[in-house]
Amino acid sequence: MFRIVVPVIIFLFISAATLWASDLHMPGAGDRCPVCGMFVAPYPEWIATIVQPDGTQLYFDGCKDMFRYYFNLAVEEQAKLQGLFVTEYYQARLTPAREVFYVKGSDVYGPMGKELIAVAGRKNAESFMQDHNGLQILTFDQLALDTLPED
């Protein structure tokens, strides 16, 4: 029974995350990053978003600024959020932030300079790191304010 239940649970979790991501809205022309103030709509390949407890979204011009915002929230506030999503580099679509790897220190720059690059799959992250002179691969759980790229 265990052999059947675990795959079903994993499938339901992935399906729910995929459905949830499809309900996300993209930023409008006037939406600005709450960290740096930059308009985010002109950079769709870099957008990251936090879904707040009331379902509204905050938009960021990259993972780095989203995580700056997130890690400055109290743990209780973080727990109330409905989700964090980043644009995956190769597929260029919003993906749950916990489901990707982050390459730090590459020669690929975002709208605000040095950026964490969100890549799905460990092998893809390793390949990206090698191809783009990355310095480190991090998981969501390894991220903190002091692990984010400097401006």
Visitor: Decide whether Tyr109 and Tyr89 are clustered together by the hydrophobic rule: side chain heavy atoms of Ile, Leu, Val, Met, Phe, Trp, Tyr closer than 4.5 Å, transitively.
Guide: no
Visitor: Quick check on the hydrophobic clustering: are Leu94 and Tyr59 connected, directly or via other members, by side-chain heavy-atom contacts under 4.5 Å?
Guide: yes
Visitor: In terms of heavy-atom contacts, does CD of Gln130 have more than 12 from other residues, nucleotides or ligands at under 6.0 Å?
Guide: no
Visitor: Determine the minimum heavy-atom distance between Ala118 and Thr87, stating which atoms define it.
Guide: CB-O, 3.8 Å
Visitor: Nearest heavy-atom pair of Pro149 and Arg68: which atoms, and what distance?
Guide: O-NH2, 3.3 Å
Visitor: What's the spacing between Phe85 CZ and Gln57 CD if we round to 0.5 Å?
Guide: 8.5 Å
Visitor: With side chains defined as the heavy atoms from C-beta onward, is the minimum distance between Leu84 and Phe67 less than 4.5 Å?
Guide: yes
Visitor: Could you give the distance from CD1 (Ile47) to CE (Met26), rounded to the nearest 0.5 Å?
Guide: 3.5 Å
Visitor: What is the minimum heavy-atom distance between Met66 and Ala97, and which atoms define it?
Guide: CE-CB, 4.3 Å
Visitor: If you measure from CE on Met129 to CD1 on Ile137, what distance do you get to the nearest 0.5 Å?
Guide: 4.5 Å
Visitor: So, does Tyr102 use its side chain to make a donor-acceptor pair with the main chain of Lys64 at under 3.5 Å?
Guide: no
Visitor: Transitively linked via ILVMFWY side-chain contacts under 4.5 Å: Val100 with Val108?
Guide: no
Visitor: For Cys63, is there any backbone N or O sitting under 3.5 Å from a side-chain donor or acceptor partner on Glu115?
Guide: yes
Visitor: To the closest 0.5 Å, what do you measure between CG (Asp65) and CG (Leu116)?
Guide: 10.5 Å
Visitor: Is the backbone N or O of Tyr70 less than 3.5 Å from a side-chain atom of Gln78, with the two atoms forming a donor-acceptor pair by type?
Guide: yes
Visitor: Ala41 and Ala29: which non-hydrogen atoms are nearest, and at how many Å?
Guide: CB-CA, 4.2 Å
Visitor: For the CD atom of Gln52 and the CG atom of Leu81, what is their distance to the nearest 0.5 Å?
Guide: 7.5 Å
Visitor: Is the ring pair Phe140/Phe71 parallel, tilted or perpendicular, if the boundaries are 30 and 60 degrees?
Guide: tilted
Visitor: With heavy-atom distances below 4.5 Å as the criterion, would you say the side chains of Trp46 and Asp61 are in contact?
Guide: no
Visitor: Are Leu138 and Val86 linked, directly or through intermediate hydrophobic residues, by side-chain heavy-atom contacts shorter than 4.5 Å (ILVMFWY only)?
Guide: yes
Visitor: Within the distance-only criterion (no hydrogens, no angle test), does the side chain of Thr49 pair as donor or acceptor with the backbone N or O of Leu58 below 3.5 angstrom?
Guide: yes
Visitor: Answer yes if Leu145 and Val35 sit in the same cluster of Ile, Leu, Val, Met, Phe, Trp and Tyr residues linked by side chain heavy atoms under 4.5 Å apart, and no otherwise.
Guide: yes
Visitor: Rounded to the nearest 0.5 Å, what separates atom CD in Glu126 from atom CZ in Phe101?
Guide: 8.5 Å
Visitor: For Phe60 and Pro34, work out which heavy atoms get closest and say how close.
Guide: CE2-CG, 3.3 Å
Visitor: Between Val103 and His132, is there a side-chain heavy-atom distance shorter than 4.5 Å?
Guide: no
Visitor: Any donor-acceptor pair under 3.5 Å linking the side chain of Glu88 with the backbone of Tyr90?
Guide: yes
Visitor: So Asp141 and Thr139, side-chain hydrogen bond (donor to acceptor under 3.5 Å, both in side chains) or not? Walk me through it.
Guide: CA-CA 5 Å; Asp141 292 331; Thr139 65; 5.2 Å; no
